[in-house]
2 protein chains.
Amino acid sequence: MAAGNDHQDIKREKILEASYQRFLHYGYSKTTMNEIAGDLSMSKALLYYYFPDKSQLYIAVMRKIAIDYTNGLEDKTDTFTSLKEAFVFQINTNHDFIVNNYNFFDFFRLNEQNLPDMIWEIVDQVHLAELNLLSNALKAEIEGGTIKPVTNPEELITLLLDALQGIRDGSVSQKKVSFPRKEHLEGIHTKKLLLIDIFIKGLM
Amino acid sequence: MAAGNDHQDIKREKILEASYQRFLHYGYSKTTMNEIAGDLSMSKALLYYYFPDKSQLYIAVMRKIAIDYTNGLEDKTDTFTSLKEAFVFQINTNHDFIVNNYNFFDFFRLNEQNLPDMIWEIVDQVHLAELNLLSNALKAEIEGGTIKPVTNPEELITLLLDALQGIRDGSVSQKKVSFPRKEHLEGIHTKKLLLIDIFIKGLM
DNA sequence: TTCCTGACTTTTTTAACAAAACTATCAAAA
DNA sequence: TTTTGATAGTTTTGTTAAAAAAGTCAGGAA
């Protein structure tokens, strides 16, 4: 029984890995179940034995990389000596995450694929992990006395994260797409670090 | 000659006004040249006598309301006693502008209409007017000594405007559209005012 | 019983094309 | 110079058929 589940889990992992590679290179819409099955030298029907449908498979892969990402954040929680340090870490980690998985998210087409709403739960979990990391660092600095007390630390961090998001979008205005091209990501990253400086000073 | 041009200008104005009402209610794509002509009890062909094509007509209307907007900003330039006051004015004015012309801009569809690039020049002019108002106020405060000198005031204001933009987009995430629904605009407005407080303190 | 497949059905995407709606033009009239 | 009806040209919309992909299932192998 246990061995059977182990084997199942290993196979599931293999499928997730192969799927990730396909999705990463070609995006959701341009990846077919036949291709994934082909990569694994198995029949397409077997994929449906392990996963209910294509969208659930995609989401399973997404959840996996999201968990890797949030684990990376949680490991670092409460290890920072300042809010700024925490923000820099968040911005850098997020930057790398986006750069590394750029094609996986298929940003230009993903909205049109009407994937299950579960996808937004994953996004929320990622946001929550970021929020947690940063609001903990904020609370610590408030306790330490370097930053003035605020009524709602989580709300404040959300506000700042939204503002940082704006730096991203500011770099793509005048375009017909809503997500920055890969070549803009570096400039966005620099501007975010600049903005955080002002934020932090404003909180002191 | 002068009278002839006067008359032409008056007629042009009438066309612009009728077009504005149509575009405001139905947006660009759902407004036809026949309807505009019908509102004015003139033939469609006459519209083409005064304006080269539909997109140029739309742009002419857009330019008109953009100029009204930027004039409102320019009239107020250098009348503020603080950067914060200037920001509050900009945020409020911009808010009203968006609310009043919400349907005109047809935000959910406008990107797909591939209008001439001239449209972005108008957007740039609006940005420039906002940038001018705010960076003047910033420079004044720097001279007054309440805010620390910065190497590039314009760049800084651009950064802050981009950040404010993020507050807008933060309120629409998880949706498939990139522009906030009308009912969200009030909350966005409030958050922007909140953020500016932090900004200003961070610059002091 | 669990894992797996080939063959099959159903759904979605794509392409081609006709009809309708709309933009844009123009000769001629006011 | 200003205006229009008629019409040409283009884009959008709707239809249908073929192709491709998703998804199912009866039954075989381990």
Side-chain angles (χ1 to χ4, degrees), chain A residues 1-16 18-19 22-23 25-61 106 108-116 118-119 176, chain B residues 1-16 18-19 22-23 25-62 106 108-116 118-119:
Chain A
M1 194 61 116
N5 280 337
D6 274 0
H7 180 247
Q8 262 204 359
D9 288 350
I10 290 168
K11 198 119 197 184
R12 268 211 179 79
E13 276 302 312
K14 287 225 183 299
I15 295 173
L16 289 176
S19 303
R22 277 280 169 187
F23 288 138
H25 286 314
Y26 303 105
Y28 182 75
S29 61
K30 293 293 185 188
T31 295
T32 72
M33 296 298 264
N34 261 324
E35 286 164 349
I36 295 171
D39 291 346
L40 292 159
S41 304
M42 59 171 61
S43 73
K44 181 179 58 170
L46 190 55
L47 290 180
Y48 285 94
Y49 177 79
Y50 285 99
F51 294 93
D53 61 33
K54 186 183 175 184
S55 70
Q56 294 296 319
L57 174 56
Y58 182 78
I59 283 178
V61 177
D106 207 355
F108 301 108
R109 245 173 298 209
L110 207 55
N111 283 341
E112 301 153 16
Q113 304 296 336
N114 70 314
L115 291 160
M118 203 182 302
I119 204 174
K176 289 168 191 186
Chain B
M1 196 59 118
N5 281 338
D6 275 358
H7 180 249
Q8 263 204 357
D9 289 348
I10 289 168
K11 197 120 198 182
R12 267 211 179 79
E13 276 302 312
K14 286 222 183 300
I15 294 173
L16 288 175
S19 303
R22 277 282 167 186
F23 289 138
H25 286 313
Y26 304 105
Y28 182 76
S29 62
K30 293 294 185 187
T31 295
T32 72
M33 296 298 264
N34 261 324
E35 287 164 349
I36 295 172
D39 291 346
L40 293 159
S41 304
M42 60 170 61
S43 73
K44 183 179 55 174
L46 190 55
L47 290 180
Y48 285 94
Y49 176 76
Y50 286 99
F51 293 93
D53 61 33
K54 186 184 175 184
S55 69
Q56 294 296 317
L57 174 56
Y58 182 79
I59 283 177
V61 177
M62 188 170 173
D106 206 356
F108 301 108
R109 244 173 297 212
L110 207 55
N111 284 342
E112 302 153 16
Q113 304 297 336
N114 71 314
L115 291 159
M118 205 182 301
I119 203 172

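Residue numbers start from 1 in every chain, and the chains themselves are labelled A, B, ... in the order their sequence lines are given, proteins ahead of strands.
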Separation of C/dT11 atom P from A/Met33 atom CE, nearest Å, is 17 Å

Rounded to whole Å, NZ of B/Lys30 lies from P of D/dT11 at a distance of 18 Å

To the nearest angstrom, the OH-C1' distance between A/Tyr49 and D/dA22 comes to 20 Å

Heavy atoms of A/Tyr26 and A/Lys30 approach each other most closely as O-CB, 3.2 Å

Taken to the nearest whole Å, CG/A/Asp9 to P/C/dC3 is 10 Å

Check whether any side-chain N or O of A/Tyr48 sits under 4.0 Å from OP1 or OP2 of D/dG23, and answer yes or no. yes

Nearest heavy-atom contact between B/Lys54 and B/Tyr28 is NZ-O, 3.1 Å

Taken to the nearest whole Å, CG/B/Leu46 to P/D/dT1 is 15 Å

Between NZ of B/Lys44 and C1' of D/dT2 the distance, given in whole Å, is 18 Å

**Prompt:** For D/dT2, does OP1 or OP2 lie under 4.0 Å from any side-chain N or O of B/Gln8?
**Reply:** yes

Using a heavy-atom cut-off of 4.0 Å across all strands, would you classify B/Phe51 as base, sugar-phosphate, or nothing? nothing

Here the distance between atom C1' of C/dC3 and atom OH of A/Tyr50, to the nearest Å, is 6 Å

Determine whether a donor-acceptor pair (one donor, one acceptor, N or O, separation below 3.5 Å) exists between the side chain of A/Lys54 and the base of D/dA21. no

4.5 Å side-chain heavy-atom contact, B/Leu40 and B/Leu46 = no

d(A/Tyr50 OH, A/Leu16 CG) to nearest 0.5 Å is 12.0 Å

Is it the case that A/Asn34 and A/Thr32 place a side-chain donor and acceptor less than 3.5 Å from each other?
-> no

Between CD1 of A/Ile10 and C1' of C/dC3 the distance, given in whole Å, is 14 Å

- So what does A/Ser55 hit on the nucleic acid, given a heavy-atom distance under 4.0 Å: a base, only sugar-phosphate, or nothing? nothing

The residue, A/Ala45 or A/Thr31, whose nearest nucleotide of DNA chain D is more 5′ is A/Thr31

For this session: Just call it for A/Lys11: base, sugar-phosphate, or nothing, with non-hydrogen atoms closer than 4.0 Å on any strand.
Result: sugar-phosphate

